[in-house]
Amino acid sequence: MLVGRAEFLGVLARLTTESRLAFDVETTGLRPYQDSQLFSLVVATQSDVFYFNFLPYEDLDLEYVLPREWLSEFQVVFGNRDAVYFAHNAKFDLAMLSREGIEVLGTVHCTEAMARLLGNVELTYTLDACVTRLALATNTVISKDHTVEWYINKYDLWAWEQEPGKAARKKNKFFAKVPVDIMAPYARRDGEITMRLGEWQEDEFLLQASTVPPNLPSILALADNERRLTKTLFKMERVGVAIDKAYCEEAIKYEEARAEKATSDFKSLTGQDLVDSGKALKGVFAQYGFEVPNTEKGNPSVTDEFLARTPSPVSQIVQTYRDATKRVNTYFRSFVWLVGADGAVHCNFRQGGTATGRVSCTNPNIQSAPKEDEGPFKVRRAFIPRPNFFFFAPDYSAMEYRVMLDYAGEDALIERIKAGMDVHQATAELIGTSRKQAKSVNFACLYGAGIEKLADMLGTSLKDARRIRGEYFSKLPRVQNFIKQVVRTAELRGYVYNRMGRRCAFPDPRFSYKAPNYLIQGGCADVVKLAMNRIDDFLINRKSRMLLQIHDEILFEVHESERHICPELIAIMEQAYTPKSLPMQVVGKESGVSWGDVADA
DNA sequence: GAACAACGCACC
DNA sequence: AAACGGTGCGTTGTTC
């Protein structure tokens with residue numbers, strides 16, 4: 001059941017001979033860059049599962065409490081460059097191992113990320129859900145063990161965690177308090193099913209590859225890229241981005257004061273407490289003679305759009321309150337809360353986070369950090385380069401529009417853009433509208449908007465929207481054709497492939513209108529992922545490093561002595577895309593002060 | 001009291 | 001059958 005001290009080295013020697021291993025760590029918490037610590041490790045082979053315990057349980061024979069110093073011995077197990085290592089949400093395990101000085105040198109196969117690549121239509125990609133689907137698909141009996149969750153609930157081995165200044169609490173589960181005779185079989189099962197899941201996924205990729213039409217890129221290259229990306233993202237997360245804590249504290253004070261002033265202004269004006277909900281605000285606006293519209297589900301809806309056009313004395317107050325509380329709760333206070341002992345935040349870039357192939361970001365979600373915000377405390381100024389480094393932030397110009405035109409092969413427009421013209425300006429001149437209107441129609445195409453939404457975006461009547469869209473499609477017939485063909489293929493076949501070979505499934509024909517967007521958004525995501533892997537290679541033995549990815553932008557910390565690599569980074573990003581005729585254009589910005597200060601170099 | 005739904009809003 | 005794609009996160013209100 002548990003690996004004892006006597007057999008420890010023998011088991012490790014056995015593990016080093018394996019070409020495929022699954023692993024999983026059990027930890028005191030879920031914050032690898034703050035206080036969480038590994039207390040056990042499961043390693044599974046095709047035939048065996050080994051549980052290594054480092055926690056001194058009261059009634060456990062010391063033979064089965066391995067000394068923590070022995071953790072370093074695991075480097076030989078994870079040091080095989082030819083082996084494949086399966087783990088579910090692997091970046092978490094990599095981070096916990098890294099804390100102990102263990103580096104996985106072989107191929108990391110994150111079964112969560114790879115599950116997303118194999119199929120994008122599931123609601124959840126937890127280990128539990130993935131294994132349940134495996135059982136169904138292969139008609140075998142295999143499932144996750146839920147005993148530990150059950151035990152934690154039964155014996156209340158958890159506590160609420162209240163983040164200062166916030167309304168909501170979070171549950172902290174104490175896995176280290178679960179008895180070892182409950183923990184070990186549970187963890188062993190996780191190791192076993194991760195192994196089965198990983199091997200099954202490898203088979204599934206081969207199967208999918210055999211069904212790909214010969215003129216399209218194989219899914220296998222994309223799968224390799226995703227596997228590689230797990231390590232690229234992990235290294236990026238581990239570096240983290242430094243936070244100016246004192247600045248955040250100042251910002252919190254400032255925004256709290258703004259929110260408080262809004263609250264008291266509201267009270268003195270209306271005589272009521274400010275409760276920011278549609279239900280509560282409906283009555284207040286009624287007092288001033290304004291009717292609040294309803295949402296689709298029939299509930300009162302007080303949006304910023306409503307507040308901006310409603311000349312009541314409380315409109316501005318609610319806007320200020322919302323802006324201030326959002327900035328302080330979602331951003332500044334989160335940054336301070338999540339900052340590690342190294343003074344940096346280490347985001348979690350979820351590799352299997354989206355249906356299209358993009359990565360998403362949590363804890364904190366820097367991909368939603370305000371960009372054009374006003375006032376004395378800009379959010380992105382909280383992110384600062386470390387001493388002797390400066391920020392370099394290259395981004396792809398109008399990436400999705402360019403890819404859409406390249407996909408469609410809209411040559412007349414492509415020639416103008418190649419000559420240096422702005423994408424939306426070129427569109428505007430072609431269809432005879434303002435740049436702003438052209439941009440809206442481009443947007444609408446990209447997202448599959450209907451005519452009503454387009455009219456909304458353009459601020460015109462349905463009739464005018466129809467006319468403008470008609471003009472757009474008559475001047476850009478290949479874009480229209482591209483959209484039609486992709487939707488049609490998705491409807492008839494149930495799936496489409498993007499240019500990198502990613503398969504996007506649309507089992508419900510009602511949603512086939514999304515297919516062109518998936519190809520473009522997901523295709524762009526795959527380009528950026530490829531670029532990131534190439535950059536990760538390029539940066540080996542250099543001091544500069546990647547810090548963040550914001551879909552079409554990458555934030556680097558470049559060492560002062562390596563300023564010359566900036567053009568090379570841009571070149572790698574541009575060349576990650578193989579155009580039919582319109583190449584990508586990457587523009588670099590930089591700052592030695594903060595992310596909020598990056599500007600054209 | 002806890003879980004969940006709904007809403008609003010930050011980004012690409 | 002329905003027509004704005006993809007996220008994460010905060011609060012409020014409802015439900016069990």
Side-chain angles (χ1 to χ4, degrees), chain A residues 120 153 158 160 163 165-171 259 274-281 292-307 318-319 321-331 333-334 337-338 347-350 352-373 379-380 395-396 398-401 404 440-457 465 469 483 487 491 504 506 508-525 528 548-554:
Chain A
N120 65 319
N153 284 328
W158 57 273
W160 286 113
E163 194 178 325
K166 288 195 185 173
R169 299 169 298 175
K170 279 177 189 162
K171 257 188 180 176
L274 172 46
V275 177
D276 187 10
S277 74
K279 192 185 170 205
L281 291 174
V292 169
N294 281 341
T295 64
E296 231 167 63
K297 291 189 164 35
N299 301 313
S301 168
V302 180
T303 61
D304 188 59
E305 179 272 325
F306 169 81
L307 295 171
V318 175
Q319 282 181 307
Y321 175 79
R322 284 183 178 177
D323 183 59
T325 51
K326 173 121 191 162
R327 296 166 70 76
V328 74
N329 289 337
T330 306
Y331 301 111
R333 207 137 50 193
S334 281
W337 178 252
L338 293 167
C347 302
N348 173 26
F349 284 91
R350 296 186 56 206
T354 74
T356 57
R358 278 185 176 179
V359 297
S360 68
C361 179
T362 69
N363 296 318
N365 177 11
I366 52 80
Q367 289 182 329
S368 76
K371 200 173 186 183
E372 305 290 332
D373 52 344
V379 169
R380 293 189 182 203
D395 75 303
Y396 291 90
M399 188 180 202
E400 295 193 341
Y401 303 107
M404 178 170 80
S440 294
V441 189
N442 275 333
F443 243 113
C445 278
L446 221 48
Y447 296 158
I451 198 69
E452 283 181 23
K453 277 293 164 193
L454 179 62
D456 231 36
M457 289 163 70
R469 193 174 64 172
I483 291 170
V487 172
E491 272 169 359
C504 304
F506 295 91
D508 185 342
R510 280 182 300 178
F511 300 117
S512 296
Y513 73 92
K514 294 181 181 180
N517 179 257
Y518 272 48
L519 293 200
I520 293 163
Q521 182 181 125
C524 289
V528 178
L548 303 173
Q549 189 247 51
I550 310 94
H551 309 304
D552 61 359
E553 169 184 353
I554 301 173

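Letters A, B, ... are given to chains in the order of the sequence lines, protein chains preceding strands, and every chain is numbered from 1. A quick note: this is a predicted structure, and the numbers were derived from the prediction, not measured.
Considering only side-chain N and O atoms, Lys514(A) lies nowhere under 4.0 angstrom from the phosphate OP1 or OP2 of dA2(C). In terms of phosphate contacts, Trp160(A) brings a side-chain nitrogen or oxygen within less than 4.0 Å of OP1 or OP2 of dA2(B). Note on Asn299(A): every side-chain N or O is 4.0 Å or more away from OP1 and OP2 of dA6(B). One finds a side-chain N or O of Arg169(A) lying less than 4.0 angstrom from the OP1 or OP2 phosphate oxygen of dA2(B).
Under the rule for a side-chain hydrogen bond (donor to acceptor under 3.5 Å, both in side chains), Tyr396(A) has no partner lying at least two apart in sequence or in another chain. Applying the side-chain hydrogen bond (donor to acceptor under 3.5 Å, both in side chains) criterion to Glu163(A), with sequence neighbours excluded, gives Lys166(A).
Set against dC9(B), dC12(B), dG5(C), the side chain of Asp552(A) has dC12(B) as its closest nucleotide. Closest contact between the side chain of His551(A) and the listed nucleotides dA10(B), dA3(B), dG6(C) involves dG6(C). Set against dC12(B), dT11(C), dC9(B), the side chain of Ile550(A) has dC12(B) as its closest nucleotide.
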Write out a two-atom table: protein N or O, nucleotide N or O from nucleotides 7-9 of chain C, distance below 3.5 Å.
{"residue": "dT7(C)", "atom": "OP1", "partner": "Ala355(A)", "partner atom": "N", "Å": "3.0"}
{"residue": "dT7(C)", "atom": "O3'", "partner": "Ser360(A)", "partner atom": "OG", "Å": "3.4"}
{"residue": "dG8(C)", "atom": "OP1", "partner": "Arg350(A)", "partner atom": "NH1", "Å": "2.8"}
{"residue": "dG8(C)", "atom": "OP1", "partner": "Ser360(A)", "partner atom": "OG", "Å": "2.8"}
{"residue": "dG8(C)", "atom": "O4'", "partner": "Asn365(A)", "partner atom": "ND2", "Å": "2.9"}
{"residue": "dC9(C)", "atom": "OP1", "partner": "Asn363(A)", "partner atom": "N", "Å": "3.0"}

Detail all sub-3.5 Å separations between protein N/O atoms and N/O atoms belonging to nucleotides 13-16 of chain C.
{"residue": "dG13(C)", "atom": "OP1", "partner": "Ser277(A)", "partner atom": "OG", "Å": "2.7"}

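For Arg358(A) against dC12(B), a side-chain-to-base donor-acceptor contact under 3.5 Å is present. In this model, no side-chain donor or acceptor of Gln521(A) finds a partner on the base of dG6(C) within 3.5 Å.
Rounded to an integer number of Å, the gap from NZ of Lys297(A) to C1' of dT12(C) is 16 Å.
Taken residue by residue, residues 440-456 of chain A places no heavy atom nearer than 4.0 Å to DNA chain B.
With a 3.5 Å limit on both pairing distances and Watson-Crick or G-U wobble geometry required, the stems of 3 or more pairs in DNA chain C span B:1-12 with C:5-16.
Not a single donor-acceptor pair under 3.5 Å links the side chain of Thr295(A) to the backbone N or O of Pro300(A).
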